Amino acid sequence: MPSFRVLVTVTLKPEILDPAGQATHQVLQHLGYAVDNVRIGRIVTLTVEADDANSARGVAERMAQDILANPIMESFECQVDLS
Amino acid sequence: MPSFRVLVTVTLKPEILDPAGQATHQVLQHLGYAVDNVRIGRIVTLTVEADDANSARGVAERMAQDILANPIMESFECQVDLS
Amino acid sequence: MRVGVVTFPGSNCDCDTLEAFEFLDVPTKHLWYADTDLTDVDAVVLPGGFSYGDYLRSGALAAKAPMMTAIRDAIQGRDLPVLGICNGFQILTEAGLLPGALRANRHGQFRCAWQTLRVTNESPLFLGLSEGELLRLPIAHAEGSYYAPAGTLADLFMSREVWLQYVDDRGDLNTLTNPNGSLANIAGITRGNVAALMPHPERALEKAFGSEDGRRLLMAWLRGLQERSAHAS
Amino acid sequence: MQAEEVGLTSPEYMKIVELMHRKPNDLELGLFGALWSEHCSYKSTKALLSRLPHDGPHVVQGPGANAGVVRLDQDIEVAFKVESHNHPSYVEPVQGAATGVGGILRDIVAMGARPVALADLLRFGIDAHSLILLDRVVKGVGQYGNAIGIPTVIGDLAFSDTYRGNPLVNVMAVGLRSPEMHISASTARPGQWLLLVGQRTGRDGIHGASLLASRDFTEGDDDLRPTVQVGDPFLGKLLMEATLKAVSEGLLAALQDLGAAGLASATAELCDASGVGAELWLDRVPLRQKGLTAYDIMLSETQERMLLVTSDENLSQVVSIFEHQEILCSVIGHITASKELAVQYRDRPVASVRPDWLIKEAPRRPLSEAQWVSLKAPVAGGTAIAPAFDPRMVREVLSDRDVRDRRPIYRRYDSTIRSATIWGPSHDSAILRVRGSDAGLAIAVFGTGRWASVDPYAGGVGAVLLVLARLAAQGAEPLGLTDGVNAGNPDLAESYDAMAALVRGVADAARAAGVPVTGGNVSLHNETDGQAIWPTVMMGGVGRQPHPYSPLPDYLTASGDLLFLINPSELNLGGSVVALHHQGMTAFPRVDLRKVPHLLKSVSDWALSGVPRAMRAVGPGGLGAVVVRMMQGQTLAYGVEMDLKERDSDLTARLFNEVPLQWVTLVDSRDKDRAMDYWGNLGVEVTQVGVVNDTGTLSFKAQGHSWPGSTLLEAWHRPFEEGAYEP
Ligand SMILES: Nc1ncnc2c1ncn2[C@@H]1O[C@H](COP(=O)(O)OP(=O)(O)O)[C@@H](O)[C@H]1O
Ligand SMILES: [Mg+2]
């Protein structure tokens with residue numbers, strides 16, 4: 001079975017407070033960077049065996065929903081490549 | 001000045017142990033997902049004001065080098081879009 | 001001899017550390033992260049805690065504080081002695097003032113426990129702590145797993161800068177008594193006049209708290225300071 | 001908007017119209033909905049709770065404020081309270097638990113006290129999902145407590161399937177203040193400024209108070225779930241430091257934390273307590289996102305915010321303290337003499353209500369004397385029948401989740417920060433030194449589970465007595481108690497009665513012991529699909545520990561010492577681990593409350609007399625579990641030879657009953673007569689139950705059983721994922 005490289009990007013929903021982003025923002029500003037809207041998310045990379053890219057994406061999305069993201073505060077995006 | 005959306009992806013270098021990735025791997029395996037090489041990184045998104053995309057990328061890279069990633073154990077990639 | 005203790009936003013062992021030195025009858029000065037004035041301190045302690053909530057990476061945000069720039073200058077300019085405890089260790093590595101990095105504990109959890117340590121190399125920074133001596137100190141951290149690339153690690157050992165290692169109660173190194181997955185069980189290192197450790201000596205000043213080895217360690221550091229300043233003058 | 005949408009009934013709506021002489025607008029209705037909710041108004045329990053004993057010689061502040069306060073000595077006062085965060089922790093365990101810790105800490109800070117200790121009291125199911133929730137909750141407690149730098153020094157944990165859909169996450173916080181730090185929410189005066197400090201307001205947890213806490217969870221309610229509140233211990237730390245600094249410099253006229261129902265509840269409570277009105281300018285509230293309505297702003301439960309009141313004269317100093325820590329600090333209104341809470345947004349009035357309508361006029365369930373009396377009625381059935389003793393029971397009990405070692409939990413909490421913890425979570429009570437005082441602080445906690453399942457009254461009594469027994473074992477003088485009541489839907493007679501009987505038990509035991517209950521919390525509607533949890537009370541007690549630097553050991557210290565059981569109980573296994581395993585749920589024994597003060601005093605004096613070598617109160621797992629736990633000390637050098645006169649089922653009942661007010665104490669064999677005289681003179685029964693030896697083994701002299709300590713500890717150390725040994 002071919003193996004696929006899956007990349008799941010998990011970000012806090014926009015309305016959810018992001019204390020880490022906030023503190024990082026504060027320090028970046030102190031250092032003189034003109035930045036805004038700093039948010040910190042997670043990126044999970046893994047390889048998965050599947051028949052084809054489509055089913056790999058299906059698995060990725062199930063995993064994201066199930067485990068990798070917390071649906072009540074986070075959203076996710078999956079990207080799938082042949083590895 | 002135009003504003004750019006910057007995405008800095010920070011990942012642990014391959015030789016660095018990733019306990020969170022390992023724990024996630026275990027949980028996924030328990031649930032029957034045929035996955036491997038689970039690694040967890042960080043993704044920092046922010047907006048930055050800059051003259052053009054090139055200088056926005058420059059700022060992003062400086063921030064990443066300076067603070068967003070720790071070169072001893074992490075590598076990073078920057079992506080810049082007009083916001 | 002005056003010891004400065006820095007408070008970063010979110011530091012939470014700063015008061016314990018100040019009190020520890022007061023308990024040892026050492027004059028202290030409370031330093032604020034946003035200031036840069038180090039003129040009347042002879043040594044600086046970076047205390048434990050959660051500077052900036054340990055967000056992003058522990059120590060990463062505090063490492064950028066104006067006070068850290070001043071400390072870097074003073075290390076380069078006048079060889080300022082610095083002691084980092086727990087978060088202080090993390091800040092020093094993030095600031096590049098000590099080699100290596102502190103990663104998340106291998107088991108992924110915060111760990112609060114009593115831990116036996118061995119003095120691996122005698123250091124002039126800690127007068128009276130002799131090689132092989134065992135210390136019992138509390139640890140309390142989530143990101144205390146020391147890491148350095150192979151070359152750096154070898155250098156640390158070669159140059160006798162590996163200061164403290166996690167050991168079992170008999171003083172033996174083994175993976176079972178490694179509380180966090182540190183490379184080579186490293187708990188503390190030194191470089192030049194800078195030293196740092198993950199355990200908390202300021203919490204072990206009196207027997208009633210479980211051990212007075214923290215007092216021994218801090219006293220050794222103070223004696224080291226005195227000796228070097230006597231030598232210099 | 002309809003009354004039901006904010007959780008109000010139609011009679012309640014009619015009462016509002018009557019009070020206002022007009023119909024409320026949507027925002028006003030929302031304010032009533034939140035403040036008249038169970039969570040804010042205690043409508044079902046206020047009358048009941050008022051029956052708890054509140055007064056005592058050490059009480060500085062009883063119930064009604066953000067936390068109770070008792071006096072440790074001339075110069076130091078102790079603020080303490082327990083708080084629940086059950087529903088939020090079920091929805092999002094890490095953040096739910098974390099914000100629970102943050103919330104109770106701000107209650108302590110709102111009393112002008114510096115938090116010095118936390119205790120977590122947890123109840124979970126035993127299925128795989130519950131154990132995951134436990135892991136996440138523990139992570140959340142640690143995430144906040146460790147980062148803000150307050151040690152978690154003690155806790156309580158028990159399991160039962162009853163908590164599967166409604167895990168309980170209660171946290172107790174303890175703080176210290178000097179009497180000069182006295183501040184409250186009741187001292188605001190007209191002309192003073194209202195300041196909101198801390199986090200920017202977002203749409204966090206809106207409707208949390210009115211709906212989430214007032215409803216029972218049913219599958220498919222996802223859309224009603226509020227936006228998850230995220231805790232920020234970093235900002236929490238800065239906020240705590242700045243607030244305490246402002247208090248210590250005498251710059252604040254009044255202080256109130258923002259908890260359930262956010263700004264609505266904080267302003268209403270502050271105004272009502274102070275007997276003043278206020279004008280609020282919501283445009284000045286710093287927001288985290290665009291598009292928030294006045295309703296959102298008033299009811300948001302964004303964490304890490306405090307409401308300050310200060311005079312014009314002190315305003316700039318207060319502002320500069322917060323600016324120094326880079327904390328947002330905004331004047332959002334001023335105190336008026338009008339008795340009106342007038343809210344403006346976008347430069348026009350959007351609500352006008354009287355604070356006393358929101359607070360004092362909240363509907364309350366009455367409690368008649370006859371009802372109060374009936375709560376003590378004995379329960380029928382549920383008598384425990386002791387099974388014949390089987391040596392395998394020892395490991396069965398030690399490995400029960402309610403008894404086994406809690407280290408996997410508490411090692412994830414920083415218990416030594418602040419350098420004041422002399423005894424931490426491996427003991428039955430925590431002991432802290434108190435800077436500036438010769439006395440230390442003893443903290444003991446215990447919550448019911450099995451004990452209140454059949455006879456809630458007996459369970460409530462038992463929880464109070466075990467907390468006091470643990471303090472007494474250290475010779476600590478009890479100063480006050482706090483109670484977290486967790487139960488089902490109060491509108492269902494069965495759930496209400498069970499909860500009320502539990503409270504009556506707490507009241508009777510506390511009154512009998514002469515120890516006041518100075519504050520607490522109630523969490524109702526812990527009910528899923530019509531199934532209520534066992535009524536559960538989480539008790540916390542604080543005591544004055546006269547010799548903090550030399551606690552009386554709770555482990556074996558010398559071979560040859562004699563083991564005594566103080567006040568051996570009747571042979572009643574009711575509600576115990578063994579009864580549960582062998583028979584099912586049975587009624588916890590009722591204790592004769594008349595002898596409580598004498599026993600507690602005698603034990604406390606004994607602990608201080610210098611005669612005993614060690615002592616420990618009997619609790620879950622009974623005498624058997626206590627003896628094994630006393631074996632483990634530093635090493636396994638010592639063992640115990642037990643010499644019990646009971647046989648067969650009586651032996652089971654002797655070893656494993658969990659009746660409170662029993663203690664195991666150790667004395668040097670040369671002090672045997674002194675010990676017998678001491679207890680004989682006091683008329684308290686004691687029996688010798690064993691001798692300490694140096695075998696590292698537990699043995700039963702008459703029965704010929706013996707277990708190496710390592711075997712016993714292996715059972716006791718069983719991981720939480722695994723079930724108990726089955727004989
Ligand atoms: N079970 C209880 N026993 C005693 N006092 C209680 C109990 N529950 C609540 N109280 C008291 O009622 C008051 C209001 O409680 P609560 O709304 O939880 O306060 P806060 O919003 O400050 O946390 C407090 O003074 C609290 O101590
Ligand atoms: Mg409050």
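What's counted below: heavy atoms across the whole structure, side chains too, no hydrogens, waters or symmetry copies. Order of the sequence lines fixes the chain letters, A, B, ..., with proteins taken first and strands second; residue numbering starts at 1 for each chain. Everything numeric in this text was worked out from a predicted model, so none of it was measured.
- Taking the six-membered ring wherever Trp is involved, the centroid distance between the rings of C/Tyr52 and D/Phe234 falls below 6.0 Å.
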| field | Worked check of side-chain contact (heavy atoms from CB on, under 4.5 Å) between D/Tyr549 and C/Phe209 | value | CA-CA 8 Å; D/Tyr549 285 88; C/Phe209 292 90; 3.9 Å; yes

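- Only the backbone of D/Thr421 comes within contact range of chain C, with at least one heavy atom under 4.5 Å from a heavy atom of that chain.
- Annotation: D/Asp438, atom CG; neighbour count of heavy atoms from other residues, nucleotides and ligands within 6.0 Å does not exceed 12.
- When the shell of 6.0 Å around NZ of D/Lys245 is examined, it contains 12 or fewer heavy atoms from other residues, nucleotides or ligands.
- Within the 4.5 angstrom heavy-atom criterion, atoms from both the backbone and the side chain of C/Pro9 approach chain D.
- There is no contact between D/Glu241 and chain C, counting heavy-atom distances below 4.5 Å.
- Highest contact tally toward chain C, considering only D/Arg418, D/Arg412, D/Gln143, is held by D/Arg412 [criterion: heavy-atom pairs under 4.5 Å].
- Considering CG of D/Asp414 and CG of C/Asn12, their distance stands at 7.5 Å, rounded to 0.5 Å.
- Minimum heavy-atom separation, C/Cys112 to D/Ser415: SG-N, 3.4 Å.
- Taking D/Pro233, D/Gly142, D/Ser419 one by one and counting their heavy-atom pairs under 4.5 Å with chain C, the maximum is reached by D/Ser419.
- Counting heavy-atom pairs under 4.5 Å between each of D/Arg435, D/Lys237, D/Arg411 and chain C puts D/Arg411 at the top.
- Between chain D and the residues C/Ala208, C/Gly210, C/Gly48, C/Ala204, the most heavy-atom pairs under 4.5 angstrom are made by C/Ala208.
- In this structure, C/Glu202 CD and D/Ile417 CD1 are separated by 8.0 Å, a value rounded to the nearest 0.5 Å.
- Heavy atoms of C/Tyr33 lying under 4.5 Å from chain D belong exclusively to its side chain.
- Chosen from D/Leu238, D/Asp232, D/Val138, the residue pairing most often with chain C at heavy-atom distances under 4.5 Å is D/Asp232.
- Contacts between D/Leu235 and chain C at a heavy-atom distance below 4.5 Å are absent for every atom of the residue.
- Summarising the geometry of C/Trp32 relative to D/Gln325, their closest heavy-atom pair is CH2-OE1, 3.7 Å, with the distance given to 0.1 Å.
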